[in-house]
2 protein chains.
Amino acid sequence: MHRHHLSQSGELSRSCCAEQGSPACSKAPQVSRVRVQLEMQALWQQFDQLGTEMIVTKAGRRMFPAFQVRISGMDPSAEYVLLMDFTPVDDKRYRYAFHSSSWLVAGRADISAPGRMHFHPDSPGRGAQWMKQTVSFDALKLTNNLLDDNGHMILNSMQRYQPRFHVIYVEPAPHCHSHAHRNFCSFSFPETQFIAVTAYQNHRITQLKIASNPFAKGFRTTDPQDW
Amino acid sequence: MHRHHLSQSGELSRSCCAEQGSPACSKAPQVSRVRVQLEMQALWQQFDQLGTEMIVTKAGRRMFPAFQVRISGMDPSAEYVLLMDFTPVDDKRYRYAFHSSSWLVAGRADISAPGRMHFHPDSPGRGAQWMKQTVSFDALKLTNNLLDDNGHMILNSMQRYQPRFHVIYVEPAPHCHSHAHRNFCSFSFPETQFIAVTAYQNHRITQLKIASNPFAKGFRTTDPQDW
DNA sequence: GGGTTGACACCTAGGTGGTAAGCT
DNA sequence: AGCTTACCACCTAGGTGTCAACCC
């Protein structure tokens, strides 16, 4: 209902080259074969169908669901840095119309400083390490505090964002004349788009959060099975 | 009371070379200037005077106090791996005599497999990173399970151990013919020696743990100030 | 008797949405 | 009216020593 973004991806795994639409890309072999699979995809899609909302607070709030991926196709012995950022989907500001239970455009978005990067705390690490288990960004926090000093991701409330995931291959002996663009690749999962909010707007989102986030168990009234 | 080891170090900071008693050591410059200072030294000494005991369990138990150090003298841009291990102080097995409140030798220690290494989870890291704040091994756990599968440190109960701390300089381009011995240095603080136990023996140790470990606050009867 | 184990109550530490008050 | 903030009760997750039971 009331979704504004592209249709969801049916792919189980995704490559950065395919995303560019270029069959023979000019990426370094250490990144060109990297495949990334979104974890908890079914849950993400459940939220996405309602229009995902993520709380932002001054102190910083975790995302739920957390952004987690399974990675394959890395060079096991090569070193990689993994990171995330968030790009505005558009320059619009949104407003939730309770009477119609839908999101409306409410003008132009505030101008915002260029987004921060969030490096996965285990970076840098070898390909073998990254591939052997799910890579989780569950420590990442979202804030609406423009002066945040804790390294959280700064977002504008009531604006729509697309989380992005980046894999950077760290060359053992970097060239002066670096071909940096060849050494990284990026991944976006449309079903992880969300609107940043300071308080939940859509009551069905609230209920799905309560039903699926263990930390919100205190607010459950019915069994999680009922969902 | 009843201490069997060497006298405590009065040094605030300690170098690996001085420990070897060699004024001109053959260490690489990246490690030869490294100084290490034990954090919470006063607390360690308080325990040491009573005869420190550390609980070991099948599932693994943290140390208290945790082994924490402040490091200086590293090459800020050089890469280091930090790790700990535990060496038996002797091959004796101890027994606590409640009537005399003292530790007695109770025979030969069990033979044990060579000790494990515990790599600090932030390893490898640059000198600048290690030096900018206290390096804590608070996630390290002790176990008496010889078949432990969780990477905990395996110790024999009723045996005395000396924690050791090692700094390894990671060469950017390692030589085939590696001078590995030049690239690391080790530190031992006598006041961190302890006897591994499955249950506390000396009641004064128990009381000091309760008084100083926040997680044991539930057992406090008097104010911590009284200590 | 000496040592070990596991269940337990009681903590620390921190992640939830609810709620009422505050801001613009 | 729309949005934000601070505080709160209620959780998860896991670190304490205690104690009774157990083993050798």
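Computed from a prediction, not measured in an experiment: that's the story for all the values here. Just so we're on the same page: letters track the sequence lines, and every chain starts at 1.
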Between [N] ([atom2]) and [X] ([atom1]): distance, integer Å:
X: A/I195; N: D/dT4; atom1: CD1; atom2: P; value: 12 Å
X: B/M54; N: D/dG17; atom1: CE; atom2: C1'; value: 15 Å
X: B/L146; N: C/dT5; atom1: CG; atom2: P; value: 10 Å
X: B/N156; N: C/dG3; atom1: CG; atom2: P; value: 14 Å
X: A/R220; N: C/dT16; atom1: CZ; atom2: C1'; value: 10 Å
X: B/H203; N: D/dC19; atom1: NE2; atom2: C1'; value: 14 Å
X: A/F98; N: D/dG2; atom1: CZ; atom2: P; value: 8 Å
X: A/F64; N: C/dG17; atom1: CZ; atom2: P; value: 9 Å

>> If you compare every side-chain N and O of B/S157 against the phosphate oxygens of C/dT4 (OP1, OP2), does one of them come in below 4.0 Å?
In response: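 Yes, such a contact exists.
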
What nitrogen or oxygen pairs link the protein and nucleotides 19-24 of chain C at under 3.5 Å?
none

>> Please compare A/K209 and B/N144 by the position of their nearest nucleotide in DNA chain C and report the one closer to 5'.
In response: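 Its nearest nucleotide lies further toward 5', so the answer is B/N144.
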
> What string of B, S and - do you get for nucleotides 6-14 of chain C 5' to 3' if you count protein non-hydrogen atoms under 4.0 Å?
Replying inline: S---SSB-B

> Which atom pair, heavy atoms only, marks the closest approach of A/D110 to A/N156?
Replying inline: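 So the two residues come closest at O-ND2, 3.5 Å.
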
>> Suppose we call a contact any N or O donor and acceptor under 3.5 Å apart; does that hold for the side chain of B/R93 and the base of C/dG3?
In response: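 Flag unset: no donor-acceptor pair detected.
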
> Is a donor-acceptor pair below 3.5 Å formed from side chain B/R61 to base D/dG17, judging by atom type as modelled?
Replying inline: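 Yes.
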
Which value, rounded to the nearest 0.5 Å, describes the distance between [X] atom [atom1] and [Y] atom [atom2]?
X: B/Q68; Y: B/L38; atom1: CD; atom2: CG; answer: 9.0 Å
X: B/F64; Y: B/L43; atom1: CZ; atom2: CG; answer: 5.5 Å
X: A/Q193; Y: A/F47; atom1: CD; atom2: CZ; answer: 15.5 Å
X: A/F67; Y: A/T192; atom1: CZ; atom2: OG1; answer: 5.5 Å

>> Checking contacts here: which listed nucleotide (C/dT4, D/dG17, C/dG17) is nearest the side-chain heavy atoms of B/M158?
In response: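 Looking only at side-chain atoms, B/M158 lies closest to C/dT4.
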
> Given D/dT18, C/dG17, C/dT16, which nucleotide is nearest the side-chain atoms of A/I210?
Replying inline: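 Nearest listed nucleotide: C/dG17.
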
>> Taking side-chain hydrogen bond (donor to acceptor under 3.5 Å, both in side chains) as the cut-off, I'd like each qualifying pair that reaches into residues 113-122 of chain A, sequence neighbours left out, listed once.
In response: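 For residues 113-122 of chain A, and leaving out neighbouring residues, the side-chain hydrogen bond (donor to acceptor under 3.5 Å, both in side chains) pairs sorted by first residue read A/R116-A/D148.
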
> Counting only heavy atoms not in A/M40, do more than 12 sit closer than 6.0 Å to its CE atom?
Replying inline: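 Result for CE/A/M40: open.
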
List every contact pair, protein side and nucleotides 20-24 of chain D side both N or O, where the distance is under 3.5 Å.
none

>> Considering every strand and a 4.0 Å limit on heavy-atom distances, what is the contact class for A/T198: base, sugar-phosphate, or nothing?
In response: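 The residue A/T198 makes base contact.
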
> What is the nucleic acid contact for A/T57, judged by heavy atoms within less than 4.0 Å: base, sugar-phosphate only, or nothing?
Replying inline: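 The residue A/T57 makes no contact with any strand.
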
> Would B/F187 and B/Q37 count as a side-chain contact (heavy atoms from CB on, under 4.5 Å) if you check the C-alpha gap in whole Å, the side-chain angles of each, and the deciding distance to 0.1 Å?
Replying inline: CA-CA 10 Å; B/F187 304 86; B/Q37 180 180 345; over 6 Å; no

> Does the ring center of A/F98 lie less than 6.0 Å from the ring center of A/Y96?
Replying inline: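 Here the rings of A/Y96 and A/F98 have centres that are less than 6.0 Å from each other.
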
Report, one line per pair, each donor and acceptor closer than 3.5 Å where one atom sits in a side chain of residues 74-86 of chain A; sequence neighbours left out.
{"residue": "A/D75", "atom": "OD1", "partner": "A/S77", "partner atom": "N", "Å": "3.0"}
{"residue": "A/D75", "atom": "OD1", "partner": "A/S77", "partner atom": "OG", "Å": "3.1"}
{"residue": "A/Y80", "atom": "OH", "partner": "A/Q30", "partner atom": "O", "Å": "2.6"}
{"residue": "A/Y80", "atom": "OH", "partner": "A/D75", "partner atom": "N", "Å": "2.9"}
{"residue": "A/D85", "atom": "OD1", "partner": "A/R164", "partner atom": "NE", "Å": "3.0"}
{"residue": "A/D85", "atom": "OD1", "partner": "A/H166", "partner atom": "NE2", "Å": "3.0"}
{"residue": "A/D85", "atom": "OD2", "partner": "A/R164", "partner atom": "NH2", "Å": "2.8"}
{"residue": "A/D85", "atom": "OD2", "partner": "A/H166", "partner atom": "NE2", "Å": "3.4"}

>> Using the rule given for side-chain contact (heavy atoms from CB on, under 4.5 Å), can you reason through A/Y200 versus A/I210, listing the C-alpha separation, both sets of side-chain angles and the distance that settles it, and then say yes or no?
In response: CA-CA 12 Å; A/Y200 289 126; A/I210 289 173; over 6 Å; no

> Sequence neighbours excluded, which residues qualify as side chain to side chain donor-acceptor pair (under 3.5 Å) partners of A/E39?
Replying inline: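 Per chain and number, A/E39 pairs via side chain to side chain donor-acceptor pair (under 3.5 Å) with A/R70, A/T134.
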
